[in-house]
Amino acid sequence: MRKRFVTVLLACSLAGGLFAQQPWFKDKDLTLTGAYYYPEHWDESQWERDFKQMHDLGFEFTHFAEFAWAQLEPEEGKYDFAWLDKAVALAAKYDLKVIMCTSTATPPVWLSRKYPEILIKNENGTVLDHGARQHASFASPVYRELAYKMIEKLAQHYGNDSRIIGWQLDNEPAVQFDYNPKAELAFRDFLREKYHHDIQALNDAWGTAFWSEVYSSFDEITLPKTAQMFMNHHQILDYRRFAASQTNDFLNEQCLLIKKQAKNQWVTTNYIPNYEEGHIGGSPALDFQSYTRYMVYGDNEGIGRRGYRVGNPLRIAFANDFFRPIQGTYGVMELQPGQVNWGSINPQPLPGAVRLWMWSVFAGGGDFICTYRYRQPLYGTEQYHYGIVGTDGTTVTPGGREYEQFMKEIRQLRGQVAAREVKPADYLARRTAILFNHENSWSIERQKQNRTWNTLGHIEKYYRTLKSFGAPVDFINESKEFSSYPVIIAPAYQLADKALVDRWTDYVKKGGNLVLTCRTAQKDRHGRLPEAPFGSMINELTGNEMEFYDLLLPEEPGKLRMDGKEYTWNTWGEILKPGKDSQVWATYTQEFYEGKPAVTTRKLGKGTVTYVGVDSTDGLLEKDILKKLYAQLNIPVMDLPYGVTLEYRNGMGIVLNYTDKPYKFVLPSGTKVLIGEPVIPTAGVLVFSIAD
Ligand code: GAL
């Protein structure tokens with residue numbers, strides 16, 4: 001079984017990866033590096049000096065017009081691209097390609113004054129105003145129309161220009177929770193379409209017989225208010241789907257307009273990795289997805305006393321593994337070069353940390369890294385934000401020097417590396433997918449049942465284990481084919497239907513190894529409980545029945561045992577009744593259900609199903625379960641300490657040390673060090689070639 005998967009993976013590798021080869025980035029470049037520049041912020045006489053220095057430091061592209069709508073269209077219908085033409089020409093003179101932006105995040109003042117109906121309205125009635133950014137409603141037809149006109153002009157002007165490599169839409173487009181009257185009308189239209197104009201179908205889906213919530217017409221429906229804590233959560237589920245679709249449609253329409261003109265330029269946007277918002281990857285016209293990531297801003301999410309200067313070891317890795325599988329590649333549009341201005345505390349990164357983050361992006365397969373920003377601003381909201389150069393416009397900051405070093409190293413590696421997909425067989429053998437659907441979080445978070453439950457935290461327990469195994473991980477959604485993954489984990493996958501359970505069953509019967517965890521398949525896609533024994537949608541698959549579930553006080557966690565070792569839990573525990581062919585792996589050791597199973601596994605067809613009916617307090621149980629499973633499947637795993645990660649690409653291994661101590665990496669035999677030393681200091685990096 002394992003052998004077969006490895007063969008399949010290697011065959012895919014030879015064919016250029018599991019995804020159709022994307023045409024935008026070349027293996028031989030490894031990764032491209034660029035920097036944000038806002039020509040409109042600086043005296044024109046300085047542009048050339050700045051681009052020259054940018055080029056001399058090693059940058060290969062820059063990034064323009066992100067917030068420049070007021071300069072691009074100073075009066076309605078009057079466009080001015082002359083200044084931008086000059087900047088593009090000067091950048092080209094210094095071999096800098098350009099990412100062009102659509103600047104929709106900052107409408108000019110004439111737009112807000114002439115068409116105030118475009119402004120976002122908060123739930124409490126406050127209408128946002130000009131003077132900041134991101135104050136326009138994606139649901140406003142007038143805003144969209146004016147944005148599209150400006151974008152069409154921009155695309156006509158630059159869509160055929162070989163100096164422009166690609167486009168970024170908007171800025172960090174988020175899901176808007178906007179109470180603009182147009183949003184309410186659009187919500188009703190969304191529901192009319194979804195329920196085929198049948199209000200009874202909506203009443204059934206939302207369970208409106210409960211508390212007299214029944215509607216007789218779509219016109220009676222309003223946007224749900226968060227101030228009402230017991231708001232119908234089936235309605236909220238649809239509302240969140242609607243809100244995400246507004247952002248997605250806006251981006252998709254922008255992209256299609258650009259693509260009419262731009263045949264050889266890619267289009268993406270720069271999402272904040274808010275995984276549970278539900279919009280990432282939701283605009284199918286985009287060529288790939290990009291993200292922004294800030295690592296050091298105050299709270300200590302890192303390791304040790306100075307961990308706040310290095311950042312959370314898995315923050316970039318998680319984003320890589322989330323964004324890459326959507327379309328096979330990704331870019332990082334914003335990475336800080338030094339201190340930021342918006343954190344709770346804005347410390348200096350530890351020397352080396354900026355370069356560590358760049359290598360972290362590279363390790364996950366990123367095709368470009370763009371730093372926010374080249375120059376530190378002299379005025380405006382972000383005055384204290386570091387750049388590659390400081391306030392005088394020329395002195396390179398410590399982070400700027402680390403960029404320079406990284407770019408030198410990448411150039412050194414170019415020309416001597418293998419194709420992207422050349423990776424060792426043992427690494428590929430532990431390839432694992434985590435099935436993720438943001439709707440599960442939406443649903444569970446409305447009915448957590450235990451205030452200490454954390455859906456993303458539950459998923460992270462598995463993710464962290466997989467990274468300690470040195471496993472390549474893909475977060476996938478249901479649109480992806482399951483069969484190429486030896487193991488798939490679906491954690492707390494609450495919303496399900498028969499079609500999904502059938503797909504899981506088929507995957508297992510054909511040889512896949514599925515791990516399902518507590519809270520899975522308990523509700524249908526509307527968030528309703530099926531009229532059947534609780535949680536029974538997956539009984540045939542897991543072989544179990546659920547007797548009941550229990551929730552405990554965090555200060556008095558419960559205990560369970562596996563292979564003689566004790567573990568603790570409190571947020572959610574299912575008491576299982578195993579079927580005849582289920583093997584019990586862990587049992588509760590306390591309470592009136594002492595001795596009853598919490599974790600089971602069984603063979604089914606050619607594969608296995610493991611059911612973890614409990615969420616442990618510290619992730620140690622999850623780790624030992626996966627260790628046991630992978631050992632049983634003969635999948636070789638590593639045991640890297642938290643804070644050290646290993647990934648492979650282009651025939652190279654990249655080891656990153658986010659811990660507070662030097663880490664001695666034992667090089668696999670036959671490999672050769674390319675960058676760094678086997679004893680990797682804190683914030684250090686080791687790169688080695690897998691073929692001598
Ligand atoms: C990002 C944003 C950028 C800039 C940056 C500052 O969230 O997309 O435009 O404001 O923060 O760190």
Side-chain angles (χ1 to χ4, degrees), residues 34-42 62-72 98-107 128 131-136 138 166-176 247 250-251 254 268-275 277 279-280 286 289-299 301 308-309 311-312 315-316 319 323 330-349 353-354 357-358 361 368-391 397-400 402-403:
Y36 275 61
Y37 191 80
Y38 296 89
E40 68 277 19
H41 294 183
W42 310 105
T62 183
H63 180 283
F64 286 164
E66 190 187 34
F67 298 124
W69 194 346
Q71 288 82 4
L72 294 170
V98 172
I99 295 179
M100 194 56 80
C101 299
T102 61
S103 73
T104 43
T106 48
L128 304 191
R133 64 177 176 184
Q134 290 160 319
H135 47 281
F138 295 163
W167 294 74
Q168 176 201 305
L169 309 175
D170 201 79
N171 169 59
E172 291 188 330
V175 174
Q176 297 183 336
T247 303
F250 183 48
L251 296 175
Q254 288 195 29
T268 187
T269 184
N270 62 338
Y271 291 113
I272 308 178
N274 285 340
Y275 309 105
E277 252 180 73
H279 60 316
I280 298 167
L286 270 55
Q289 322 288 315
S290 307
Y291 68 81
T292 67
R293 200 77 285 200
Y294 290 83
M295 294 294 289
V296 158
Y297 42 81
D299 303 327
E301 294 178 23
Y308 70 100
R309 295 192 188 277
N312 178 331
R315 195 170 155 84
I316 292 178
F323 280 73
Y330 64 95
V332 174
M333 201 61 93
E334 294 178 29
L335 199 61
Q336 77 198 84
Q339 282 161 294
V340 297
N341 65 297
W342 45 262
S344 56
I345 298 156
N346 297 291
Q348 285 279 350
V354 170
W357 305 329
M358 282 183 273
V361 174
F368 69 80
I369 302 170
C370 189
T371 185
Y372 184 88
R373 48 187 284 155
Y374 184 69
R375 287 185 68 170
Q376 176 164 356
L378 303 183
Y379 52 83
T381 305
E382 294 178 344
Q383 283 173 305
Y384 286 88
H385 201 295
Y386 256 50
I388 293 294
V389 294
T391 44
T397 57
E402 292 187 27
Y403 264 82

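Just follow the structure's listing: the first ligand is 1, and inside any ligand the first atom is 1.
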### Nearest non-hydrogen partners of Pro273 and Phe323, listed with the distance
CB-CE1, 3.9 Å
### Query
Please state which protein non-hydrogen atom is closest to atom 5 (C) of ligand 1 and give its distance, to 0.1 Å?
Tyr294 OH, 3.3 Å
### His385 contact mode with ligand 1 (heavy-atom cut-off under 4.0 Å)
side chain
### Query
Can you tell which part of Arg133 has a heavy atom less than 4.0 Å from ligand 1: side chain, backbone, both or neither?
side chain
### Query
Quick one: does Thr292 get an N or O within less than 3.5 Å of an N or O on ligand 1?
no
### Message
Within the 4.0 Å heavy-atom shell around Glu172, which atoms of ligand 1 are there?
### Response
1 (C), 2 (C), 7 (O), 8 (O)
### Message
Less than 4.0 Å is my threshold; does some heavy atom of Asn171 fall inside it relative to ligand 1?
### Response
yes
### Message
Between Glu66 and Tyr38, is there a side-chain donor-acceptor contact under 3.5 Å, judged purely by atom types and distance?
### Response
yes
### Query
Touching ligand 1 at all, Gln336? Heavy atoms, strictly under 4.0 Å?
no
### Query
Hey, is ligand 1 close enough to Trp342 that some N/O pair sits below 3.5 Å?
yes
### Task
Among all protein heavy atoms, pick out the one at the shortest distance from atom 10 (O) of ligand 1; state its residue, atom name and that distance to 0.1 Å.
Glu382 OE2, 2.4 Å
### Query
Under the 6.0 Å and 45° cation-pi test, does Arg293 pair with Trp357?
no
### Task
Measure the acute angle between the ring planes of Tyr271 and His279, then classify it against the limits of 30° and 60° as parallel, tilted or perpendicular.
perpendicular
### Task
Considering heavy atoms of the protein only, find what lies nearest to atom 1 (C) of ligand 1 and give residue, atom and distance to 0.1 Å.
Glu334 OE1, 3.0 Å
### Query
Which ligand 1 atoms are under 4.0 Å away from a heavy-atom of Phe67?
9 (O)
### Query
Would you say Asn341 has any N or O atom under 3.5 Å from an N or O of ligand 1, going by distance alone?
no
### Task
Examine the side chains of Gln168 and Ser290 and answer whether a donor and an acceptor come within less than 3.5 Å of each other.
no
### Query
Below 4.5 Å, heavy atoms only, C-beta onward: do Tyr330 and Gln289 meet side chain to side chain?
no
### Message
Is it the case that the side chains of Glu334 and Asn270 hold a donor-acceptor pair, with the cut-off being a distance below 3.5 Å and no angle test?
### Response
yes
### Message
Please report whether the ring centroid of His63 lies less than 6.0 Å from that of Tyr372.
### Response
no
